[in-house]
Every structure is written in C-alpha cells, then in structure tokens.
Amino acid sequence: MTTQKNATLSLDGQSYEFPVLSGTIGPDVIDIRSLYAKSGAFTFDPGFMSTAACKSSITYIDGDKGELMYRGYPIEQLAKNANFLETCYLLKNGELPNQAEYDVFESTVRKHTMVHEQLTRLYQGFRRDAHPMAILVGVVGALSAYYQDSLDINNPEHRMIAAIRLIAKMPTIVAMAYKYTQGQPFMFPRNDLNYAENFLHMMFATPCEEYKPNPVLARALDRILILHADHEQNASTSTVRLSGSSGANPFACIAAGIACLWGPAHGGANEACLVMLDDIMKQGGVAKIGEFIDKVKDKNSGVKLMGFGHRVYKNYDPRATLMRETCHEVLNELGLQDDPMFKLAMALEKIALEDEYFVSRKLYPNVDFYSGIVQKAMGIPVPLFTGIFALARTIGWIAQWHEMIGDPEQKIGRPRQLYTGAAQRDVKPIAQR
C-alpha cells in the first residue's frame, strides 16, 4: 500500500487534504479517517458502494472486466487445477500448498470431521420442516459451547484450531441438517473419502446399503465449493468482520455470517432462481417463456428474472462460465438433458444470451443460475442450497476474520448516520400529551 498523492475537500470555505492510498491493483482509496476530526462532517454512502472498510490481501474482484482472484490466482485456474481443500489452504495461509503441506492439512481436516455427540441432540429441538439455515445458525453458534479450548481470539493456536474445526465440521453439520429434515439417521463421516465425496456420503448414504459417490458429481460439488469460497467484502463477510471486531468468538462470527447469507438477495439467490423456474413450470413450462420474458421487461409487472446479472460484475460473471461447463457435465452424466425443468432452464439461458434487452443490460446468467441447476440435478433439495453456500463460504469468512484480528489498524465497527428524526423536544406529563 502506497501514498503518492492527496485529495482535497472543500467545505464551507475551508480546504482539507487527505492521503490517497494505492493498493496492488484496483481503484485508489481516499483515506478519510481524519475527516470528522478535521471538518466535523461524515460521509454518506448507503450500502458502502464507494467505501473501503478494511485492507485485505485475500480476494480481488474487477466487476467491469469480470475478474475474480483468490490471493492473486484467477478463479478459472483454481477451479481447473486445484481442489477445494487446496483452495482452503490458499485462502487461509496465503499460498498454495506443496504436496507435503497439502497432505498434512488434509489429514488434519479429516481428523476433525466428527462433531461432539451431544451436539447432535440440538437438532431434535427443531421442527422437522425447519429451514436448514435456521438449523445452521443455531448449531454453528452452539459450537462455542462445545469447543471452549479454542475461543481465545488473541491466541494464534486457538485461531488455527477453530479454523480447522469449522472447515472440517461444516459438511457434517450441513449434512445432518438435511438428514434431520428427512427423518433419516445421521451418517458418520468417512476418512477414506475426499472432502466432496464425504459430504455426498453423509447426505445420501443410509445404513441399509453401500453408497459410492459418483466422481462426476463429487467434482461438480468440489467446483461449486471453490467458486463460492470467498467474494471480497460482501454482506455476509462484512457481517463476520463486524461481529469479530467486537472480540466475539469465531463460532459466533461464522453464525452471524450464516444468518446474513440466508437473505434471498445474497446466498438465497440460487434458491430464488429455482423457485422462479418452478413457477414458470407451473404456468406451462417452455411454452410460456415468451409471456414470462414479456413480464420481466415490463417494469410495472413486479416480475424479476432471478439468476441473471450481478451487483458487482458489469460483465460476465467469471464463475458462471465454469459453472455452465459443470452444469452440462452433470446433466449428461445423469441423463437429464430432456428433463422438463432443465430444458426450461436451458431455454431461458438461450433467450437471455441472445435477446437484445438482456444483452444490452448485461443480464448474463450468473453463478447462482447454474449452481442451482447442478444441485437440483444432484438431488439436493432447494432449501439446502444456501446451506451448501455457507459450507463453501466458511473458509472465506475464516480467512477474512483471521486477517481482521491481525490488523493493527482494525477497530470495533461503528458506522455513522445521517440523522433525520425530530430535533430535541421536551417530554410532557402523560396528562398533557
């Protein structure tokens, strides 16, 4: 980070100078930390669209160019040349592991996949039809009651242990949430399977017969996890950082991130996409796409096209290209090319890529569109989509939380406001009101 120039702000006849900071790549940042002390004014930036709340060396996004990098590595290369645990190691430690480092890391994660047996009883306190995200918020937050030996955030060893536990146990916790809602027995993790295979085993195996994870589906899941592992300072990551800035333990911070991710405008986007496809199916499927598209173009209809466009990417979502490839691999493997739901999705994709209305607005299919189709094809129920997103994003949250703890400039989060309420007034006795 360098400072080579200043920005000048004029207010009420006074001029104030502020240093301009330059990162490795990306826009310059005006350091306004002294703004209030110098001028008595705050900035106003709803949604923090023009505000950098922290320094970070983890993830870089260029929305105009459609670029996403983890620690400097393009997401396209990671998705093709690394697996999810390699990506976890990269996000957590800053570099990709060599074979010896990977073997130690993978072995350590494998040894922590089980959860405390008493933790399994928490599931019984939820209704069988509870949304999986409701379960995850409660169970992940409760981890702090079972692993009290790793709650000192100022102890590097505690932070390392908590990180490993979260990476290792999240697949088990998510799979158990699914099994509970299905009324099926929990399946213990198997240390002879890789990360993605083990999750599929815990999801779909039963004690009645042997289950062999399909390698095509396991690789598809692994790619989903890589593509969702981190995404810079989004809403849930900012929530984790804000929670952590108060000194909260890592399990509580991750639970807060899960709660934020639950929203349909964030992690629930792929779930909303499948709900949209289901609604079109009920109205007549492919034959009714034209009518649906007309409603989308009508601003007064209230109908939205879910799974297309992205708040950050003003070009094609780089993750979508990879997920599209995976989507077709999975559909071909399962023989679902002619399934009505998936034919509808492909028809909708074709229109969005060719129709001038969508092309001119750069409303390309995003990663949520394709990942939702892939998970649906794999037999994962729609309400669990966001849970798998949380499983993937856990490593990003951990890396961001760990970076924040080690930042000497980090303070407890305290956003300011533009107050628009009543001016000071007196309280009258109740009889005079």
Side-chain angles (χ1 to χ4, degrees), residues 1-24 26-63 137 141 153-154 230-250 252-267 310-312 314 393 396-427:
M1 185 176 66
T2 59
T3 303
Q4 298 179 336
K5 53 187 177 181
N6 292 322
T8 302
L9 171 69
S10 296
L11 179 66
D12 294 333
Q14 295 287 324
S15 293
Y16 309 95
E17 288 199 346
F18 303 93
V20 177
L21 309 179
S22 298
T24 309
D28 288 341
V29 175
I30 302 171
D31 184 348
I32 59 168
R33 282 176 288 184
S34 62
L35 174 64
Y36 180 63
K38 288 180 176 179
S39 67
F42 296 142
T43 58
F44 184 62
D45 185 20
F48 308 109
M49 295 297 292
S50 298
T51 299
C54 64
K55 300 193 302 285
S56 181
S57 61
I58 299 172
T59 300
Y60 175 76
I61 296 171
D62 188 322
V137 170
I153 65 172
N154 296 311
D230 196 53
H231 209 239
E232 207 222 43
Q233 305 307 316
N234 53 79
S236 59
T237 298
S238 298
T239 298
V240 171
R241 279 182 171 265
L242 190 60
S243 300
S245 73
S246 73
N249 71 74
C253 294
I254 301 305
I258 293 171
C260 181
L261 189 72
W262 193 354
H266 191 8
H310 195 280
R311 184 182 183 184
V312 171
K314 306 309 177 186
R393 186 56 57 85
W397 290 333
I398 291 169
Q400 297 275 352
W401 171 81
H402 190 270
E403 182 180 64
M404 180 207 66
I405 295 297
D407 185 353
E409 294 184 324
Q410 182 62 43
K411 304 182 187 317
I412 183 171
R414 182 59 172 88
R416 300 296 190 171
Q417 67 174 17
L418 175 63
Y419 178 68
T420 59
Q424 180 175 328
R425 46 187 175 170
D426 297 326
V427 178

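Just so it is clear, the structure is predicted and the values come from calculations on it, not from any experiment. Values reported hereafter were calculated over all heavy atoms of this structure, with side chains retained and with hydrogens, waters and symmetry mates removed.
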Asks: Tell me the closest heavy-atom pair linking A248 and I153, and the distance in Å.
Replies: O-CG2, 3.9 Å
Asks: Between K38 and E17 (side chain of the first, backbone of the second, donor and acceptor by atom type, cut-off under 3.5 Å), is there such a pair?
Replies: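 Judged by distance alone, yes, a pair lies under 3.5 Å.
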Asks: Identify the heavy atoms of P415 and G413 that sit nearest to each other, and give their distance.
Replies: CD-C, 3.8 Å
Asks: Rounded to the nearest 0.5 Å, how far apart are OG1 of T237 and CG of L261?
Replies: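 Separation between the atoms: 9.0 Å.
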Asks: State the CD1-OG1 distance between I32 and T43, to the nearest 0.5 angstrom.
Replies: 4.0 Å
Asks: Show the nearest heavy-atom pair for residues A52 and V29, with the distance to one decimal.
Replies: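 Where A52 meets V29 most closely, the heavy atoms are CB-CG1, 4.1 Å.
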Asks: Once you round to the nearest 0.5 Å, how far does CG of D407 lie from NE2 of H402?
Replies: 12.5 Å
Asks: Okay, side chain of D31, backbone of P19: is any donor-acceptor separation there less than 3.5 Å?
Replies: no
Asks: For residues S243 and C253, report the shortest heavy-atom separation together with the two atoms involved.
Replies: C-SG, 3.8 Å
Asks: Run the numbers on L9 and F18 for side chain to side chain contact (heavy atoms under 4.5 Å, CB included), then give the verdict.
Replies: CA-CA 8 Å; L9 171 69; F18 303 93; 3.8 Å; yes
Asks: What's the verdict on side chain to side chain donor-acceptor pair (under 3.5 Å) for E403 and S56, showing C-alpha distance, side-chain angles and the deciding distance?
Replies: CA-CA 7 Å; E403 182 180 64; S56 181; 2.7 Å; yes
Asks: Look at the side chain of D28 and the backbone N and O of V20, then say whether any donor-acceptor pair between them is shorter than 3.5 Å.
Replies: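 Absent.
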Asks: Are T59 and H231 close enough, and set up right, to give a side chain to side chain contact (heavy atoms under 4.5 Å, CB included), and what steps lead you there?
Replies: CA-CA 7 Å; T59 300; H231 209 239; 5.7 Å; no
Asks: Starting at CD1 of I405, measure out to CD of Q410 and round the result to the nearest 0.5 Å.
Replies: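 Going from the CD1 atom of I405 to the CD atom of Q410 covers 8.0 Å.
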Asks: Please report the interatomic distance CD(E232) to CG(D62), rounded to the nearest 0.5 Å.
Replies: 10.5 Å
Asks: Looking at every non-hydrogen atom in both residues, tell me the closest pair between S236 and G257 and how far apart they are.
Replies: CB-O, 3.5 Å
Asks: So if I apply the side-chain contact (heavy atoms from CB on, under 4.5 Å) rule between Q400 and each of V240, I58, N234, which one comes out positive?
Replies: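 Only one of V240, I58, N234 forms a side-chain contact (heavy atoms from CB on, under 4.5 Å) with Q400, namely I58.
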Asks: Using 0.5 Å steps for rounding, measure from the CD atom of Q233 to the CZ atom of R241.
Replies: 4.5 Å
Asks: Once side-chain hydrogen bond (donor to acceptor under 3.5 Å, both in side chains) is applied, what residue pairs with a partner in residues 415-424 remain, sequence neighbours excluded?
Replies: none
Asks: Quick one: does T239's side chain have a donor or acceptor within less than 3.5 Å of a partner on A256's backbone?
Replies: no
Asks: What closest approach, in Å, do L11 and A41 show between heavy atoms, and which atom pair accounts for it?
Replies: CD2-CB, 4.0 Å
Asks: Within the supplied structure, the quantity of interest is the number of heavy atoms (other residues, nucleotides, ligands) at a distance under 6.0 Å from Y36 OH; does it exceed 12?
Replies: no
